2 protein chains.
Amino acid sequence: MAISEAEAVVMDVLWREAPRTAEEILAEVGPAQGWQEGTVKSLLNRLLKKKAVHAERDGRRYLYTPLLAREQYVQQESKGLLDRLFGGRVAPLVVHFSEQRKLSKKDIAELRKLLKELDDEQH
Amino acid sequence: MAISEAEAVVMDVLWREAPRTAEEILAEVGPAQGWQEGTVKSLLNRLLKKKAVHAERDGRRYLYTPLLAREQYVQQESKGLLDRLFGGRVAPLVVHFSEQRKLSKKDIAELRKLLKELDDEQH
DNA sequence: CGCAAGCAATTACACGTGTAAACATAAATT
DNA sequence: AATTTATGTTTACACGTGTAATTGCTTGCG
């Protein structure tokens, strides 16, 4: 089963640094998200059930570690969108953003650099 | 309220060609999706409620037309993903796919072309 | 005119999600 | 030892979604 958006917020905390306690996660994410303790605990439990995190007892509390790698998650999500909306190809997506004027100077510079590198490693 | 994935499948039919009757939509999408009549009708009703389509009576049936433009939908979805996963920027997403070896020759060629065009229209 | 056929609208139902409140349990404090 | 405190676990509940079944309304047909 897929990871929901709220769950992904919790994963994000763990991806930045792990292991962490529920309390630490709440501290980092509660204020911005407007979540209470119970909410974070529930999300952690659902993530446990989905095998997306691992919990290791540490005295009276648990330390949570991600099992699902961020790369994996990003990959799934991005591929899903690409497949659904752009025929599974990257260029049309970039063209789309270009048409919407959503390419910054920085984006363009980085894309140039990337293409150059791909060119170089060609042989 | 956002459009769900099943609803988007119906929208896709209408984006390809509109207006259409529920029957036509079912014919186009039912087999592939494994949906019955009632399913398509329900989805259409939800889309009506969400003001994503318009229905115009035509004798005993309705003709459905999209109100939400595909561009708009694509924009929302893409921006959402970009914001959630790539800090709202396009280049990191492309880099991600590049690292996953998901850039085809064709993608690379098209990206080159796009950058060239952007360069040209610069002045 | 009464009924069948064709559509649409309403209702249904299980499951996931966001968001907790309530409950359980074990450790710390009085 | 009894009570408070800190955590985690279970239960809850409303809402969206996927997927129809059921009901309702027209309208052509016998």
Side-chain angles (χ1 to χ4, degrees), chain A residues 1-14 18-68 73 76-77 80-81 84, chain B residues 1-14 18-65 68 73 76-77 80-81 84:
Chain A
M1 204 185 321
I3 280 182
S4 80
E5 218 168 301
E7 287 160 4
V9 170
V10 170
M11 290 303 289
D12 252 322
V13 177
L14 292 176
R20 308 252 215 161
T21 66
E23 198 192 4
E24 288 168 332
I25 296 172
L26 174 63
E28 180 146 339
V29 94
Q33 226 68 26
W35 286 347
Q36 323 266 116
E37 209 186 318
T39 304
V40 171
K41 299 274 176 69
S42 279
L43 293 173
L44 280 170
N45 273 321
R46 287 175 186 174
L47 287 169
L48 278 171
K49 237 178 230 150
K50 294 179 184 183
K51 310 273 186 196
V53 307
H54 169 77
E56 181 182 5
R57 186 133 233 158
D58 170 51
R60 53 161 63 242
R61 35 174 78 185
Y62 280 103
L63 293 177
Y64 297 91
T65 317
L67 286 183
L68 174 68
Y73 175 72
Q76 283 165 203
E77 294 291 301
L81 183 97
R84 280 191 302 118
Chain B
M1 201 186 320
I3 279 182
S4 80
E5 218 168 301
E7 287 159 5
V9 170
V10 170
M11 290 304 289
D12 252 323
V13 177
L14 292 176
R20 306 252 215 161
T21 66
E23 199 193 2
E24 287 168 334
I25 296 173
L26 174 63
E28 180 147 337
V29 94
Q33 225 70 25
W35 286 346
Q36 322 268 115
E37 208 185 320
T39 303
V40 170
K41 297 274 176 68
S42 278
L43 292 173
L44 280 170
N45 273 322
R46 287 176 186 173
L47 287 168
L48 278 172
K49 238 178 231 150
K50 294 180 183 181
K51 310 272 186 198
V53 307
H54 169 76
E56 181 181 7
R57 186 131 233 159
D58 171 51
R60 51 162 64 243
R61 36 174 79 186
Y62 280 104
L63 293 177
Y64 296 91
T65 318
L68 174 68
Y73 175 71
Q76 284 165 204
E77 293 291 300
L81 182 97
R84 281 191 302 116

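So you know, we letter chains A, B, ... as the sequences are listed, proteins then strands, and number each from 1. Everything numeric in this text was worked out from a predicted model, so none of it was measured.
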A.B. asks: How many angstroms lie between CD in B/Glu77 and CZ in A/Arg84, if you round to the nearest 0.5 Å?
C.D. replies: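 Result: 5.0 Å between the selected atoms.
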A.B. asks: Nearest to the side chain of A/Ala22, heavy atoms from C-beta on, is which of D/dG8, D/dA20, C/dA8?
C.D. replies: D/dG8
A.B. asks: Let me know the distance between CD of B/Gln36 and C1' of D/dA21, rounded to the nearest Å.
C.D. replies: 10 Å
A.B. asks: A/Arg61 CZ to C/dA28 P: how many Å, rounded?
C.D. replies: 12 Å
A.B. asks: Looking only at heavy atoms, which two atoms of A/Arg20 and A/Glu24 are closest? And how far apart?
C.D. replies: CA-OE1, 3.2 Å
A.B. asks: So which nucleotide from C/dA8, D/dT7, D/dG16 ends up closest to the side chain of A/Glu37?
C.D. replies: D/dT7
A.B. asks: Which nucleotide, D/dT19, D/dG8, C/dG18, lies nearest any side-chain atom of A/Glu5?
C.D. replies: C/dG18
A.B. asks: NA contact type, B/Gly34, heavy-atom cut-off 4.0 Å: base, sugar-phosphate, or nothing?
C.D. replies: sugar-phosphate
A.B. asks: Both B/Arg60 and A/Trp35 contact DNA chain C. Taking the nearest nucleotide for each, which residue is further toward the 5' end?
C.D. replies: B/Arg60
A.B. asks: With respect to the phosphate group of D/dG18, does any side-chain polar atom (N or O) of B/Thr39 fall under 4.0 Å of OP1 or OP2?
C.D. replies: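 No, outside the criterion.
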A.B. asks: Consider the side chain of A/Ser42, meaning its heavy atoms from C-beta on, and name the nucleotide among C/dA8, D/dT7, D/dT11 that approaches it most closely.
C.D. replies: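 Closest of the options to the side chain of A/Ser42: D/dT11.
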A.B. asks: Among D/dT19, D/dT7, C/dT17, which is the nearest nucleotide to the side chain of B/Arg46?
C.D. replies: D/dT19
A.B. asks: Nearest 0.5 Å, what's the OG1-CG distance between A/Thr39 and A/Leu44?
C.D. replies: 11.0 Å
A.B. asks: Taking only the side-chain heavy atoms of A/Glu23 (C-beta and beyond), determine which of D/dA20, D/dT7, C/dA8 contains the nearest atom.
C.D. replies: D/dT7
A.B. asks: For a quick check of understanding: with a heavy-atom distance under 4.0 Å over all strands, which category does A/Ser4 fall into, base, sugar-phosphate or nothing?
C.D. replies: sugar-phosphate
A.B. asks: Any Lys/Arg nitrogen of B/Glu23 or B/Arg61 sitting under 4.0 Å from an Asp/Glu carboxylate oxygen of the other?
C.D. replies: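 Answer for the salt bridge query: yes.
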A.B. asks: Taking for each residue the nucleotide of DNA chain C with the nearest heavy atom, is it B/Leu63 or A/Gly38 whose nucleotide lies nearer the 5' end?
C.D. replies: B/Leu63
A.B. asks: B/Lys49 near the nucleic acid: base, sugar-phosphate alone, or nothing, with a heavy-atom cut-off under 4.0 Å?
C.D. replies: nothing
A.B. asks: For the side chain of A/Met1, starting at C-beta, report the closest nucleotide among D/dT9, C/dA21, C/dT17.
C.D. replies: C/dT17
